[in-house]
Participant: 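Structure provided below as structure tokens; questions to follow.
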Amino acid sequence: MIEQSLFLIKPNAVMQGHVGHIISMLEDHGFSILKMKLFRFDEELSRIFYAEHIGKEFFNRLQSFMCSGDTVALLLEREDAIHHLRELNGDVLPEKRQPGTIRALYGAGITENGVHSSDSLDSAKREIEVIFGA
Ligand code: CMP
């Protein structure tokens with residue numbers, strides 16, 4: 001099934017100059033870019049975007065990291081996009097990241113993990129609305 005997913009290149013990867021290579025990796029894996037923008041999360045937007053994580057012990061770390069610099073957001077589309085993107089991203093845990101995945105290349109730790117993509121069709125719909133509007 002053709003799916004859409006929200007993809008973020010997070011502040012550590014933007015600051016370190018990896019936007020171009022990450023977008024090339026996405027294109028090489030057959031993703032079409034439908035929308036793209038550069039912006040900075042503020043406290044309010046990060047609370048809305050990461051609402052499911054409010055109250056977790058890592059939330060404040062996640063929030064201050066996401067507000068620390070610019071983010072690039074892409075609306076991506078391809079067959080089975082959600083699953084393929086999560087494979088290409090690599091695991092949230094550094095020790096489980098497969099070589100060649102984006103997080104193995106550009107993730108510094110659990111929080112500063114370089115990229116985000118939606119984990120389900122429902123989250124994709126919500127996240128796309130939050131970042132790009134309905
Ligand atoms: P992301 O895919 O954007 O989804 C939620 C984010 O929270 C995740 O990537 C990490 O940046 C962060 N995160 C998840 N689990 C932890 C954790 N245990 N400690 C710190 N940050 C986490």
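Atoms within each ligand, like the ligands themselves, are counted from 1 in listed order.
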Participant: Based purely on interatomic distance, does His53 place a nitrogen or oxygen under 3.5 Å from a nitrogen or oxygen of ligand 1?
Facilitator: no
Participant: Between Ile110 and ligand 1, find which residue part has any heavy-atom pair under 4.0 Å and reply side chain, backbone, both or neither.
Facilitator: both
Participant: Are any of the N/O atoms in Ser117 less than 3.5 Å from those in ligand 1?
Facilitator: no
Participant: At what distance, to the nearest 0.5 angstrom, does OG1 of Thr71 lie from NE2 of His116?
Facilitator: 11.0 Å
Participant: Looking at Thr111, Asn113, Asp70, which one forms a side chain to side chain donor-acceptor pair (under 3.5 Å) with Lys10?
Facilitator: Asn113
Participant: Could you tell me if the side chain of Leu88 sits less than 4.5 Å from the side chain of Ile102, heavy atoms only?
Facilitator: yes
Participant: Under 4.0 Å from ligand 1, counting heavy atoms only, is it the side chain of Thr111, its backbone, both or neither?
Facilitator: both
Participant: Does Lys56 make a cation-pi contact with Phe58, if we ask for NZ or CZ under 6.0 Å from the ring centre and within 45° of the axis?
Facilitator: no
Participant: Which is it for Tyr50 and ligand 1 at heavy atoms under 4.0 Å: side chain, backbone, both or neither?
Facilitator: side chain
Participant: Between Ser32 and Glu77, is any side-chain donor less than 3.5 angstrom from a side-chain acceptor?
Facilitator: no
Participant: Looking at Arg78 and Gly30, would you say the former's side chain and the latter's main chain have a donor-acceptor pair under 3.5 Å?
Facilitator: no
Participant: Would you mind telling me if ligand 1 is within reach of the side chain of Glu127, the backbone, both or neither, using heavy atoms under 4.0 Å?
Facilitator: neither
Participant: Indicate yes or no: does an N/O atom of Arg103 lie under 3.5 Å from an N/O atom of ligand 1?
Facilitator: yes
Participant: Closer than 4.0 Å to some heavy atom of Leu62 - which atoms of ligand 1 meet that?
Facilitator: 6 (C), 7 (O), 11 (O), 12 (C)
Participant: Does ligand 1 have any atom that is closer than 4.0 Å to a heavy atom of Met66?
Facilitator: no
Participant: Using modelled atom types only, decide if a donor and an acceptor are shared between the side chain of Arg86 and the backbone of Ser117 within a distance under 3.5 Å.
Facilitator: yes
Participant: To the nearest 0.5 Å, how far apart are CZ in Phe41 and OG in Ser68?
Facilitator: 11.5 Å
Participant: Give the minimum heavy-atom separation between Asp91 and Arg97, together with the two atoms involved.
Facilitator: O-NE, 2.8 Å
Participant: Look at atom 8 (C) of ligand 1 and say which protein heavy atom is nearest, naming residue and atom and giving the distance to 0.1 Å.
Facilitator: Asn113 ND2, 3.6 Å
Participant: For atom 19 (N) of ligand 1, what is the closest protein heavy atom, and at what distance to 0.1 Å?
Facilitator: Phe58 CB, 3.3 Å
Participant: Residue-level breakdown please: for Lys56 versus ligand 1, do any non-hydrogen atoms fall below 4.0 Å on the side chain, on the backbone, on both, or on neither?
Facilitator: neither
Participant: Quick one: look at Arg61 and ligand 1, take heavy-atom pairs under 4.0 Å, and tell me if it's side chain, backbone, both or neither.
Facilitator: side chain
